[in-house]
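Per chain, numbering begins at 1; letters A, B, ... match sequence-line order. Since we're looking at a predicted model, the values are computed, not measured.
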Protein chains: 2
Amino acid sequence: MPPEKDNPRAWDKSHYHLACVEDAVAKAHQICSEKGVRLTPTRLRILELIWRSHKPIGAYALLDEIKLEHKSAAPPTVYRALDFLIEHGLVHRIQSLNAFVGCNDPGHVYSGIILICNDCGDVLEMDDAKISETIALYTNNLGFQLSSQSIEANGTCPGCRG
Amino acid sequence: MPPEKDNPRAWDKSHYHLACVEDAVAKAHQICSEKGVRLTPTRLRILELIWRSHKPIGAYALLDEIKLEHKSAAPPTVYRALDFLIEHGLVHRIQSLNAFVGCNDPGHVYSGIILICNDCGDVLEMDDAKISETIALYTNNLGFQLSSQSIEANGTCPGCRG
DNA sequence: TTTATCACCGTTATAATGTTACATTTTTTA
DNA sequence: TAAAAAATGTAACATTATAACGGTGATAAA
């Protein structure tokens, strides 16, 4: 992770579907209820911690935080919750950082493109059907049956370009 | 990594620029010479090992192999060589697998899209300017200065669809 | 020719990330 | 309520990656 620079207006997130932890929690309850799966206290807590961190957060950072209130927590505690949250589209894993962010539009993802600022470390999720359709088209022409994709872009965010 | 299935004709790679280890080594020598950087014996050996593995290979698997001939090798031996090879575009890192593959078209990359077969574990590199241009366009409209990107797609390759 | 520098490598240790396996508890289902 | 399934606790371990420091050999500067 780059030098910690705090840049609260790194990008314009005004179009985001979820503006705060509370929104994310409400949406998560709704989605889990619709799917008939259980948003247990640990899962909920991990989701909240991810949303309260306004940057991608790693599994062991989550573990440190959750240990403060839940002394017996261990790596599987965190990884199981993350698996659940990712499986149900509530959280994205950022492969290039081994870190996690809340999904901005759960239950409605075409293709999540993750933009990562190399200066401040903040992330923007960009959903675009066109790009994922293009990739699906190209891969289908090769006879490849696409099941998932991950697009991560590195660069400098508007806030850090100054 | 999925169950080991050996599927030598998983995809049509007839369009690949580099067909074998020897091609890859020759091209690497050429590129390093043009850039004035040193393709030392260890770097060359790691590149060969990556190309001889016809699947993505992890750093510690490379370490095991190189230890057979070079008893004193340790993790930094491998990671330093990998850093070099990646920096000069000779090797790609596959983020979702923590593994490495030879770049099929070094010195001429628009956007390497990595297709990963979930059944046989083999990988195809697809270079396409259009997709990377589309992403560049979209991110630019957000004021994001793009420096690099990684696109990985999971699914089933033609060979494994049967 | 000495001395400084630099890139590369050897070596040891350790950090960071992620998983297995099995026991226990809680919740749901029959 | 009893059986089954889902979730969690717990300890140990596996995998991936980096830090730190010293040595070596080539090249450049004094």
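Residue B:R80 is classed as a base contact, given a heavy-atom separation below 4.0 Å to a base.
Spacing between atom NZ of A:K71 and atom P of D:dT10 amounts to 11 Å, rounded to whole angstrom units. Atom CZ of A:R93 and atom P of C:dT17 are 11 Å apart (whole Å). At whole-Å resolution of the value, CG in A:L62 and P in C:dG18 are 11 Å apart. To the nearest angstrom, P of D:dT8 lies 10 Å from CD1 of A:I66. Spacing between atom CG of B:L63 and atom P of C:dC9 amounts to 15 Å, rounded to whole angstrom units. Rounded to whole Å, atom C1' of D:dG9 lies 8 Å from atom NE2 of A:H70. The separation between A:L82 atom CG and C:dT17 atom P is 13 Å, rounded to whole Å. Rounding to whole angstrom units, CD1 of residue B:I57 and P of D:dA17 are separated by 13 Å.
Here the nucleotide nearest the side chain of A:R43, chosen from D:dT8, D:dG9, C:dC8, is D:dT8. The listed nucleotides are C:dT28, C:dC9, C:dT12; the one nearest the side chain of B:P76 is C:dT12. For B:F100, whose side chain is taken as the heavy atoms from C-beta onward, the closest listed nucleotide among D:dA17, C:dG18, C:dC8 is D:dA17. Among the nucleotides C:dG10, C:dT17, C:dT12, the one closest to the side chain of B:A74 is C:dT12. The B:S72 side chain lies nearest to C:dG10 when the options are C:dT17, D:dT16, C:dG10. In the set C:dT11, C:dC8, C:dT19, the nucleotide with an atom closest to the side chain of A:P75 is C:dT19.
The side chain of A:N98 places an N or O atom within less than 4.0 Å of a non-bridging phosphate oxygen (OP1 or OP2) of C:dG18. Neither OP1 nor OP2 of C:dC8 sits under 4.0 Å from any side-chain N or O of B:T42.
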Assess whether side chain to side chain donor-acceptor pair (under 3.5 Å) is satisfied between B:E152 and B:S96, documenting all intermediate values.
-> CA-CA 8 Å; B:E152 296 176 16; B:S96 58; 2.6 Å; yes
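Tested against B:L124, the residues B:V101, B:I114, B:L115, B:N104 include a single side chain to side chain contact (heavy atoms under 4.5 Å, CB included) partner, B:L115.
Taking a cutoff of 4.0 Å between a charged side-chain nitrogen and a carboxylate oxygen, A:E65 and A:R52 do not qualify as a salt bridge. The pair B:R43-B:D83 does not count as a salt bridge, with every side-chain nitrogen at least 4.0 angstrom from each carboxylate oxygen. Here B:E133 does not pair with B:K130 in a salt bridge; the nearest charged N to carboxylate O distance is not below 4.0 Å.
Taking 3.5 Å as the limit, the base of D:dA14 and the side chain of B:Y60 contain no donor-acceptor pair of atoms between them.
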